[in-house]
Structure formats: C-alpha cells, structure tokens
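Read the structure below first, then the notes.
Order of the sequence lines sets the chain letters (A, B, ...), proteins ahead of strands, with each chain counted from 1. Reckoned from all heavy atoms, side chains included, excluding hydrogens, waters and symmetry mates.
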Amino acid sequence: MKNGALSKLYILGILLFLYTPIFVLMLMSFNESRYNTLPFVFSLKWYEALKDNTTLMTAMNNSLYIAFVTGICCVILGTLFVLGSQVISGKWKGLFSSMMVMPLSIPWLIMGLSLLLMIRAFQMDKNMFFVFAGHIIISLPYSVLVLQARIQALDSALDEASASLGANALTTFRRITLPMLAPAMVAGGFLSFMMSFDNFVISYFLIPAGITTLPIEIQSSIKFGFTPEINAVSTLIIGISLVCLAVVGAIMGSSLKSIFNGGKA
Amino acid sequence: LSGCGVKSTSDTDQNGEKQKLYVVNWKDYGSDDADFIAAFEEANNCEIVNTYMSSEEELLTKLRTAKDGEIDVCLPNCSILPAAIEEGLLKEVDSSKLENFEKMFDRFKEQPECIKDGKLYAVPFVWGSTAIAYNTNLIKEAPTSINALFDPQYAGKITFRDDYNDAVMTAALVTGQDANNPKDMDAIKAKLLEQKKLNKTYWKTGDEFSKLFASEQISIGMMWSGQAAFMKQEGQPIAYVVPEDGAIGWVDNWGIAKGSQNEELAYKFIDWMISRDFQYNWAVNGGPAPVNQEAADSLDPEYAAGAGMDETSLNRLTFMQYRTDEVKQTWNELWTEVKSSK
Amino acid sequence: MANVAIKNLTKQFGDLTVLDQLNLEIPDGTLVSLLGSSGCGKTTTLRLIAGFEQANEGEIYIGEERINDIPVHKRNIGMVFQSYALFPHMTVWQNVAYGLEQRKLGKDEIKKKVDAILNLVKLSDYGMRKPKQLSGGQQQRVALARALVTEPSVLLLDECLSALDKKLRVEMQVELRGILEKTGITTLFVTHDQEEAMTLSDWIVVMNRGRVEQMGKPYEVYEHPKNSFVAGFLGKVNFFEGRVVEADKNTVTLEMSCGTSQLNVNEVSEAGKDAVYAIRPEKLHVKKLEAKDESATQLRNELGLIGTVQFITYSGNLSTYTIDCNGKTVLAEVQNQGKPEEIKVGDKVHLSWESTSCMRMEEQK
Amino acid sequence: MANVAIKNLTKQFGDLTVLDQLNLEIPDGTLVSLLGSSGCGKTTTLRLIAGFEQANEGEIYIGEERINDIPVHKRNIGMVFQSYALFPHMTVWQNVAYGLEQRKLGKDEIKKKVDAILNLVKLSDYGMRKPKQLSGGQQQRVALARALVTEPSVLLLDECLSALDKKLRVEMQVELRGILEKTGITTLFVTHDQEEAMTLSDWIVVMNRGRVEQMGKPYEVYEHPKNSFVAGFLGKVNFFEGRVVEADKNTVTLEMSCGTSQLNVNEVSEAGKDAVYAIRPEKLHVKKLEAKDESATQLRNELGLIGTVQFITYSGNLSTYTIDCNGKTVLAEVQNQGKPEEIKVGDKVHLSWESTSCMRMEEQK
Amino acid sequence: MNNYKKWLTAPGTLTLLVFAVAPLFIMLFYSFRNDSGVGFTLQNYVRFFEKSFYLKLTGRTVISSLTVTVISLLISYPLAYIMAKKLKGIRNIVLMLIIIPFFTNQLVRVYSWLIFLQDGGVLEEMLNVLGMAQDGLGILYTRTAVVISLVHIFFPYMVITIYIALERIDNALLEASKSLGASAVTTFFRVTLPMSWSGVVSGILLVFVPCLGCFVEPRILGGVDGMFIGNVIEDQFFEIYGWNFGAAIAFLLFAMVLVAMALIHRMGGEKQ
Ligand SMILES: Nc1ncnc2c1ncn2[C@@H]1O[C@H](COP(=O)(O)OP(=O)(O)OP(=O)(O)O)[C@@H](O)[C@H]1O
Ligand SMILES: Nc1ncnc2c1ncn2[C@@H]1O[C@H](COP(=O)(O)OP(=O)(O)OP(=O)(O)O)[C@@H](O)[C@H]1O
Ligand SMILES: [Mg+2]
Ligand SMILES: [Mg+2]
C-alpha cells in the first residue's frame, strides 16, 4: 500500500513538471500585464483582443488549411503505401516497413534546410507547394505507423473470406478493407494534422513571405511583441485539441500507442 | 496551391481598367497600410499589389527570376544593392523625375551603395539606428558613450544584441576604428569577450528586449530606435540615446526593377513614399525615421529625439555598408567564436 | 452441390514442392476429411480449390467445369476459416447477408434466406450483434451460416473447430454434421484430429508430403490401412516387421530383430520376403497365464504371443498394457468393464487376435 | 521434497470468493493433479502456494514450515508456466543457470548441474540457442529443466502441456512422468484435461467452485466418484435420477421421468427417497436381442435395460452406441475387437452391467 | 495475383525520395560547393574543423543533448514502470495526461518556461510565498534552462516507448524469475531492464536526435552561453546566406545523427 502511495506521488510530481508551463501559459492568458509580469491581475482583455486580431485569425486559418491538406495527403499516401507494402515480401519487406519512418530520425532543422536548398538549387521562389511537401514528409510517418499497426492486426483471411463469398477485389476493398482501416485512417490523419498544425521549423524555413501560420505568428510575436493574446489563443487550442483527442481517442483506441513504437511490432 | 486565404484583395477588384503596380516589400512596411496608400491609389487610379519578402536574399532571388512586368518596385538595402546593380537587375533612377528627391537630407542624396559609376539606382526611403536604451528609473544619468554597453558598473544588467554585424560594428566604434572597415579584429574580439561577462543575455528579438526591460532584469542595452520609441509610448521608463561617439545606422531604399512595364507609375509611387505627408504620418505612427527633411522637421522635437529621429542623432551615425560574403563570414565567425567561448 | 475432382495437382512455393501430382475425387454431397501431419499440404489443397493460390500444374474441376482460371469470387465456393474471419465491423446479419449481396439478390430474398439460415444455426436472436459479442461456438456457427447461405457448390472447412475447447468442439461436431446432412453440400474438411475426422466424415483422405496415401470410409481406412504411415497416423498400432520364414494359410512365421514369431494374419506374404504386419492394441485379447497354464503346452502352442506385463496405464474407460514379448514391446488396450482386475504388472500374459486383425502393410520402397 | 499442506485457505478478489476454505494435503514425493472446470480456482491455488498472491485466510505449509509470509523468492519452489515464461533474452543455458545463480553457487557447480539437467531433458546440444529457436516441446523441456535444476521442495505445473498439440503432448507426458520419477519432487499439476490427469498422476484432486470435491487415486476417483459432478467431470457417464420405489439386495427400482426401471446397483438407497445412479458407457454389456429372444420372457426378466440403437459413432478403437431406452438416451461404448459387427442401427439391444458398475452418487442438497 | 498491388507504394515512396532523400543529396552537393559557385571543394569542411570553437560548440551540443537524454531516462523509466506494472485503474488516464501536452505549441511551451523561470517570475514568486525567499534565481539564460525545457518537451516520447516495451513483458516472466529465487531487485536488473531495452533505445533516439538539431530553445532560454550547433546553422542560412558552409555543418550534424543511431542500435542489438 505504501508502495502504491509513493508511486502515485511520483506520477503527480512528473505531471506537475509536465503541466507547469501549460498552467503558467493559461494563467498568463488571464493576466492583465502585457509583459507577463507579476503580480497577477485577472482580466479577459486578451480574449477580447483576440476577436479583432485578424492577423492571428488569418494565421490560424492558414495553419488549419495547411494541416488539413497535409492530413488528407498523409492519409491517402499512407493508406496506399501500407496496402501496397502488405504484399511485398522477402528481402524488401524490412526496407519497406522502415522506410517511411525514416524522416522521424532526421532533425527537422536538417529536413527543412535541405528542402530550402532544393528550392534554391532549382532557382525557384519559396512557394506553398514546398510547404506542403515539407509538412507531408514530416507528418507522413505518423499516419504510416498507425496504419501499419492496424493493417498488421488485420487478418488476411478477411480478404479471402470476402472473395470466397463472391466479392471482387474492388468490392472487397470498399466493403471490408476500407471500413476496417477507417479508424486508423482517422487516427493517423489526426496525428499528421496535429504534427503539421503545430509545426514551426518546416514552415519557418519554407513558407513564402507574407503568408503566416500560427506557429510562425507565435514566433514572430516573440520577435515583435508577444502579447498574452498568444496565451489566449494557445489556451483555446489546448481546449479544442482536448476535445479532438477525446473524440479521436475513442475511435482509434489502442493504436495511439503504436505511434511511438518505432514501427516495431 | 497559392490560395491559402492570403491572396491580396486585388484579384477581386471588379474595375479591371486600373493600372497595377507590383511592389516587393516587407510585410507591414508602409506600402501595404491601407490607410496610407488609399490616397495614392485614388489619385492615380491604380492599385498597389504587394508581394512580401522575408529576407534581402530572397528579394535578390525574386529579382533574378522575375519575368518582365512581374515586379515594378522593390526595397533593397545595402546588403544586396551592389549585387543587384552589378547584375543589372535595377533600372537607373532619374532623380529629376522625383519632386521630393531634393527634400531629402543631403547625406541620403548620395548614399554610396545607391550609386554606381555616378549613376543613381535606388532612392533612400527610411532609416533607423541601433544604439543605447536604458531604464530611466534605474539609471539617472544618461550615458553619453557607446562604451556604456561595456561598462562594468552595469555588470549583469546589460543586454547586447545577438547580431554579428551590430556586435562587430559597435565594438569597432568603441575601439576607435572605422565601423565599416575595422582592421584590428583581435581588439574587437577581445572587447566583445570582455563585454560578454557583463551581459545578462543576448537578445535576438525585439520582444525579448522588451520583456527583459519590463521585468527589470536589465537596465541598459543595445536597442533599435523604432522599438524604443514604441516602448516609450507604451509608458515604459525608457530613454534612447545615440551617443556622441556614434552608433550604427541603416537605410532602406526603393529601386525600380529592370523588367518594370510601369515606369511612370513607379516614379510616382516612389515620389509619394518619400513625400513629406507620407513620411511624417508613418513616423508619428511608429514607423522608422523619415529621409524627408520637411517631415523630420515637422516632428515633435522631443518625440524625435526620444526615437533617435532628430538630425543630431542622424549625424552621429555610421551607416552600414555593403559587405562581401567574405567579410560577412569573417565577422560572423568572430561573433560565433565570442558566443561559444566560455 | 457438385463433385470436385483434382487431377495431377502440383504446387510449389519457390523450391519447395508442397503438392506433388495430387489426385483426388470428392463425390457429390459427401463430407470428406483431409487428414495429415502438419505441413503436408492440406491447407494448400483447400486454398487451391478456393482459388487463393494458383497451381503450377494439374487441373481442378467443380462438377464438369475446369476452374483453374476462374477468379475466386466467381467459383461459388464457401469457406470457413480457422480464425472464422468474420467481418468485425458488420453485424452477424450483415456478415451473413454479404455473400448474397454480391450475388445481387433482391432485398426481400436476402432477408428470407438470412433469416432461414440463422434459424438453422440457432442464432436468430443474435442478428444484430457484432462478432466480438459472441462466444467462440457462436462465432463458428456464424461463419458456417455465412458460407452456407450462398448455397455454394463446395464447402471448404479449414480446421474450423480447432480453436474451440474440447467440450464445445464435440458439441459443434454434432451440430455441423446435422447441418451438413440437411443441406447436402459437398464438403471438404481439413483437420489434424483423427478422432474428429473419423466420427464426422463420409470419407477420409490421409495425406503425406503432398500426396494422397489413402482415401476411404473411416472404417476402411482404420481397419484396412494401406501402409504403415496410414496405420500409424490413425490410432495406435503395434508393428511387426521382419522376414517371412514360412507362410501358411493365415499364418506367417516372421523373423524379427527380437526373435521369430508365428502370427495369425489376414493375408500371407511370400516366404523369403520382408514384410510388415500391424495389429491395433484394442484388437488384442489379453489372457493371464496362470502358473499351471504355463507348463501346459496346449496354450503355448496356440497361435499368439506370450509376454510379461511391464506397466499398466489406467485412463478411466481403458487400460493400456505395455507388454514385453521377448524384447518386443507390444501395447494392448482393454476396456474397463467393471469386472475385477486380474492382470497385474509382472504377470505373464498370452496375446491372441482374430486373423483379420493382423494387417499386412503395403510398403513402398 | 516435502509434503504440502493447505488449511482452510480462502482467497477473494474483491467480492469474488475464488477459494473457499480449501483443504488439501499433498504427500511427499507424489504427483498430484488439480482438475476442475475453468475458473474453479486451480491457478489461484498454485499462485498462492508459489506466493504470487496472498491468502485472505488459512495457512500453507511446505514440510513443517508455514510459508504464508515468506516472499516468493525464498520459498524454494519451482514453477512451470503455461506459456513457459522462458526469458527470451537469455540462451537456454542461461535460463537454466538463472535459478542456480540466485543461490550463489560456484561457477563450476552451476556448470555441472546445468549440464546434468540439460542432459536429463535431452537438450545438451541446445544450450546456446535462444528460446525462440526451439520448438514447443523443446521449450517445454527447458522450462521444466529450469524449474528442476534448483531442486525445489515443490514443483508447480500450470497447464504446462496444454499449448502443445496432441501427439507432442502425449510424448511430453511420458517424458515428464519419467523425469519426475527420477527426481522424486513433490509436484502439483494443474490441467483441465482429464485423460492427462488420469494417466499422469498419483493422486487426482477434483475442484469445483473453490472447493475440493474429491481427492483420490485416479482409479478411485473414476470408479468411485463421490457425486455426479465428479462422475460427469471425469469421463462420460449415464445418469439415472429418480425416486426409489423399491430397494432390494443390490437392486433398486427407480421411478424416473421416463418410466420405471429396475437397476442392478452397488449400494441401495432407502425406498421412498430420491437417488442418483450413474453408469459409465464402457461398463455396459450390449447384447443384441434377436426376434426370438424378444418373445422369450427369460431375457426380459433378466436385470438390465432394453432399448433401440439410434446411431453408432465409429471412432476407430471404440464404437459408441446411442441407445433409446424407453425415452431415455443411454450411451454405450464398445471396444472394436475385430470380430464381425452384429449390431446395427435400429436393432433392439439388451444392456446389462456388473452391480458394482452402477454407482450411487452422494448428492448435496 | 496481387502483383499490381505493390505499385500502391509508389506515390509514398516517390514523395519520400523526392522530398526527403533528394534534398539530403542536394545538401551534400552544396556542402562541397565553392562560395564562388563553381567546382568541388572541401573548404567548407576544412573550415569547420580548422576552427576549434565549432568543434567545441558541437561538443557542448552533444553533451547537452546527452544530459537531456539521461535526465529524461531517469525520469521516464520509473514513470513508465509504475504505469506498466503498478497502476491498473488509472493507467490509461495517466497515459492520456502524458500525451496531451504534445498538442500544445512547442514554442508557446518554451515561452512559458521563460515566464516561469525568469527572475521575478512565477517560480520565484512561488518560492517567496513558500517562504524560501530568493532573489534572482539565475536559472533563466543558462544551459540549465535549455536542458529543462528540452527535457520537458521530449521526455514524454521516452515514457511512451518504454511503457510500451514494459507493458509487453509477460508478468509470468517476472513471476518465473521470483520463483527461481531472484529477489525483486535482481529480477529488475536481469529480466525487466534487459527486456525493456528496445523501448529504452527508441526512447533515447527520440530524445537525443531532435535535441542535436534544436535551435529555438537555446536561443530563447539559453542566454550568453546557451548556443547550440543548430544556431550556427540557422545563422549561416538566415543571417549571412552562407549556404555552402551551412550545408556542410548541417551535413556533419546529420552524419552525427547517423552515427548516434548506429551506436544506439548496436547497444540494442547486444542486449537482445
Ligand atoms: N505462402 C507460402 N509460401 C511458402 N511456403 C508455404 C506457403 N504456404 C505454405 N507453405 C509451405 O507449404 C507446406 C504446406 O503448408 P500447408 O499450410 O498446406 O500445410 P498444412 O497441411 O495445412 O499444415 P497444418 O496442419 O500445419 O496447417 C508447409 O511446409 C508450408 O511451410
Ligand atoms: N487477479 C485477479 N483479479 C480478479 N479476479 C481474478 C484474478 N485472478 C483470477 N480471478 C478470478 O478467479 C477465478 C478463478 O481463477 P483461476 O485462474 O484460479 O481459475 P482456473 O481454475 O485456473 O481456471 P482455468 O482453467 O480457466 O485456468 C476466476 O473467476 C477468475 O476470473
Ligand atoms: Mg493448415
Ligand atoms: Mg488457470
């Protein structure tokens, strides 16, 4: 029993550490001071200011848009990839199952810079195409991992059962494979979406001037005047993510864990 | 792909006859402020289409790759101007077509990097300085020398800017060298290393400085004129000085792109941008310092002094000049070495 | 409902020949069990018939039609997988209706058929459940219903009972048999449980290394196995292997490594040849030799073997005697009929049998 | 090597009482099987003895020592898990040496002992392999070796054979028995396979709902089950349940729902009381009633039952007759001894048995 | 029969090749380019190794990253262990709580640390309230602050990988160990730890690699001595447009990542 209490205390300590900055951030969104200085004076003015802050709202819209496109692309590419790699066997199998995870082990700094160099090598202007490409590359592994875990758990006998009942390949895909992959597609898409939504480094390197995303806006507001509006918007995002997480968590269940599994079954 | 909800509003304009002027500029840097340019657009029945750049380097790439008519006017500074002129990316500017050219401070009429072989290629637009800001509550006596940033009496309460150019130039000023062409790099390194010990931290972004300042973690530091003025308006106990022994200045210039199909309008635009009205309005609304002497003279002297926009300050500045890649690398390396040594 | 014929079927995976010129004929409307040790190619045979794999050589016919090149979904087969392979995202009802929908039947007809088959497998009340909410036995019945409802020409069952525990398994065997009798579909059933095969099927096919060793009625295969592989695979058996010294009407004298014995057999072999005979343990009559009998030459001269009981394994309904006959270990099984036990470890016993019980094995060299 | 005694052991998980005042005595050096349906508390009993769980009440002794409060690693037990629980990151040799290392033996001694035990389980050549590289049977032997090498006082085996397929399982039973006889360690063996329990163990303990129903030698428990739970759990059985109308020496007349019958029994019950009798299928003598016999009252008057054969299930060594006796279904098992079959489906048969075979059940109310 | 299916991998593979692999090669190409833009040169690499402070900075980056990794490990292992083996009921809630912060912007979290740690900030105020008055904590603008924020950002990844590895260990193995006479401590070191090693290894990778490449946190929290090698690369690209030299350093960093991964995998290989 004593042992259990000690364990819980330890967990509490860690969670405290984990949540300290988040609490501070939320706290400061209700603080009067523009410079996040103490003493604390309660105020909702930063939330009110948020309403009129079109820059931040545009940035938010852009982030949502980029993340949405990225999420969709990742789900499509990931699903196709995972379905295809299912039939690959022999010496290629290992390569194909670990290939998509590779970008996870490259620091974003390097990923972003190398793409930037690529743009430069082709004498191009920065453009949205490369922003999407960069976002997709770093978000794709998450979709693939979730989908891979799911498809490994799928019994190949299901496809055969469907065929034996008279369904052709297309019907089997539409009525069996797709519905069964759907939760993983939602989960993987959501993760890729979040990864892209939150990404600063890649956008920072690749985004064309004049277009801004929320992380970039946050970074540039750190540059030109960080007002607690950022705290307010972050607090709102946390709230919304929590809701999404609850919804997605319910759909994807245990595949959540497989994400961080490095693809090892 | 280019959508993203950020397209400029121009596309939706129904009046197709309007002339369009394509401008490459920083975001929020005058040419995209609806209030300021409305009058110009009205007067010339045109529309200004802004494209933004995120670095000078990027502007250079844009100029190199743009097709004819894609860019009319752009805003290069000293770091790329010589290259752009050398590569023939800019048209020669006929200053006689600019009514307001003559109203500029004299030094801006012959800004060295704007001129090549006696021909003018760019027109100065605004300028600013990087000097000293301090907390008037904590420091009663205004510092008079740039050396204040190296003064042990403020040890632990100083913040220096994390920028190789500012660092080397400032140290050059302190060691009595030509800030644009320092010779004794070892002395500069030694000075900066000495300074490092007195520092609370290096600041990189304006916000960092204001936070450090507001929470009184520092009492004095290297600062930009514009931000200092802004903070003062905010009610911070801040004062900005361009010390007698000088500080660093910079200037942004308008140029006309080689492929411009709208030269006439471009001249009108530049003329408008350096007009007294525009420059005055922008300056009092938190913009950088005007090159237009009339505009500068119209400013409240106290405000101008506090923002380092007055002529006295202007005359103390050493303006940044074009540097070759090699010099940049050397300076940057020196600065990296300073930062990374313990 | 049609007979299935397999002709010279060969299947290779890379270098491995899994099926080797397999020939098999499955009569219309019967239940045929495919038996054999692990890896002998049972599943492969099924998968070839279903069309999940392509044969390297040979032909497969359902009825009169050669189906080698017909894709799976047009073969009109039904299959029940070991794991059942129920679609987890569909209800029981949807699972069963799936095959009918593929055949583009009308809604009403589908409903009628699904209801009827669910009724047959006694799951009418479970239509709205998801597979996860069913027990193993119920899942198994859903899988069966799903395969049966489309009225396939052939039903393929791959170890579909082996995931169940013993008790449930026996129950399901009975139900399966009942349902198949009602529908009369030609069925091929893969198992590696010989008892299951024996009790369930009309015909048994014993496979070994990609070939058919023997096909016959259960009784036939058990009582008249062709060779020692089949004999040993189905049930327990005592082998007698040696050179025939003398052959008489129904008796041979066999010279074995452990000595020479005269055996009462179903079929004699030519003298001078090697031969293998086999007797199943339950066919042996065990009789205790009293001290007085031992001296009596009468019994000694009777045909049969004499040995000493080494140990007795009691397993409830049966006892197995391990008997040492002159260095050869012979097993004998005796039903425990409730009479007082008279034979004990160490006793001398006399073993006899009907001549028909001692089976000569055809051995391939 | 010591006897194990369990006294009034009670174990609850939350509200669920899993063991309920359990008493059990395991004699030194014997192999005792714990049998019972799923969830009856077999594993829990083992885990309590091992010390993985703490009892709510009661005592556990190994030898003379009360071990309730001794931590697992000091109890000197050996355990073989159903999943074997071999350490996957260690070689076979390291797995086996692990327990000895904990006992701080010298290197040489460890080597000697490990080599010896690997020899015993015939795995001397496999020492350097990882568990993954072994077959199921080999893994099982490693698990056994690992448990035995430390010479534990008690060996606990939890369904350690049930992951194996039938053939391998029988082989392993024989090996296990041999090894345990050699080492003579007191062993508690959990299984739910009754045949396995019967052939393997010195004593059988039948558990039900956290209590011991009966403990005895295999023969005793099978032939003289105390109640219908034990009788039904071990082997097949026909129950006769009804009210005793008349009781004579070795015969009772039982009024059952399907009619009244006179039964030859081992122990009579008082007239007027309810009673349950049980006969195992193999104890029944099945005799065909020829047409002429039917009219002969002689046989009719003999004790026993008369019925009609409904179907015959052939399973090789045995045939099971399902016989309808006046509405009551009775199973009879007959050994196929190789004589020509004379009884067919539809035949009238007479069933008789030794009076000792019809067992009266003690029923708790 | 399924042969056509393998082509479904093409779009994903192509994306990866074009937008992840090819750029790396382009980066490699740039790193051998002359500043004048023509010819092949080693000068960028030579320059890096000539100046001792680049190496020193790299060394310090590696040490800081290792510190972050070790601290994360020390925090994460016990937590993951408790979650996997001790907690039953609230395990999933704790897991959720650990994942949730992933969904808050990293920059904002870094910024919150700044507010929290600064002199006169929340932490100091809290300590004051608790009576442990202390003026000028002096934590902010040091490497310590950077390490704290990096640990904060990355340790949850490690918790999850280790947790998954631990959860997969069959409890019967731990019981088997005890039944063979091993105490709880021995069981931990001889069974639990080696068997969760794969999780530890992935965890180390997921923490160490991104730390090597970080540049935002050091700049915001690191003060005068907080610089990481990532900052040098960023400067090269965004301040002075020394693309070639920048590419060379970035490539060296990438090589370090590869070496680290190889080493760590080797470590994993031995234990398994
Ligand atoms: N797809 C495949 N690729 C390569 N070899 C295969 C494949 N499928 C089966 N085999 C091999 O073919 C042989 C026969 O396999 P099959 O599954 O038919 O055996 P089985 O009789 O069903 O055995 P079991 O009783 O174990 O299920 C085995 O040696 C197996 O390893
Ligand atoms: N840790 C536990 N917490 C709660 N209930 C448990 C726990 N362990 C076992 N039980 C319950 O105790 C009862 C007995 O379990 P036990 O494992 O002893 O059964 P068993 O006889 O071994 O059954 P089986 O033959 O299925 O292995 C079961 O109802 C089980 O659900
Ligand atoms: Mg098979
Ligand atoms: Mg159990």
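Heavy atoms closer than 4.5 Å to chain A are found in the side chain of C/F81, but not in its backbone. Looking at C/L156, neither its backbone nor its side chain comes within 4.5 Å of chain A, counting heavy atoms on both sides.
The residue among A/D159, A/D155, A/N168 with the most heavy atom pairs within less than 4.5 Å of chain C is A/N168. Note on C/Q82, C/R75, C/R146: by heavy-atom pairs under 4.5 Å with chain A, the leading option is C/R146. Note: A/A167 leads A/A167, A/S156, A/A157, A/A169 in heavy-atom pairs under 4.5 Å with chain C.
In this structure, A/T235 and A/M26 approach most closely via the heavy-atom pair OG1-CA, 3.7 Å.
Using bins of under 30°, 30° to 60° and over 60° for the plane-to-plane angle, the ring pair A/F132/A/Y65 lands in the perpendicular bin.
Scored by the salt bridge (charged side-chain N to carboxylate O under 4.0 Å, His left out) test, C/E59 finds C/R66 as partners (sequence neighbours excluded).
For the pair C/T186 (side chain) and C/A2 (backbone), a donor-acceptor distance under 3.5 Å is present.
Defined by atom type and a distance below 3.5 Å, a donor-acceptor pair is present between the side-chain atoms of A/H135 and A/S203.
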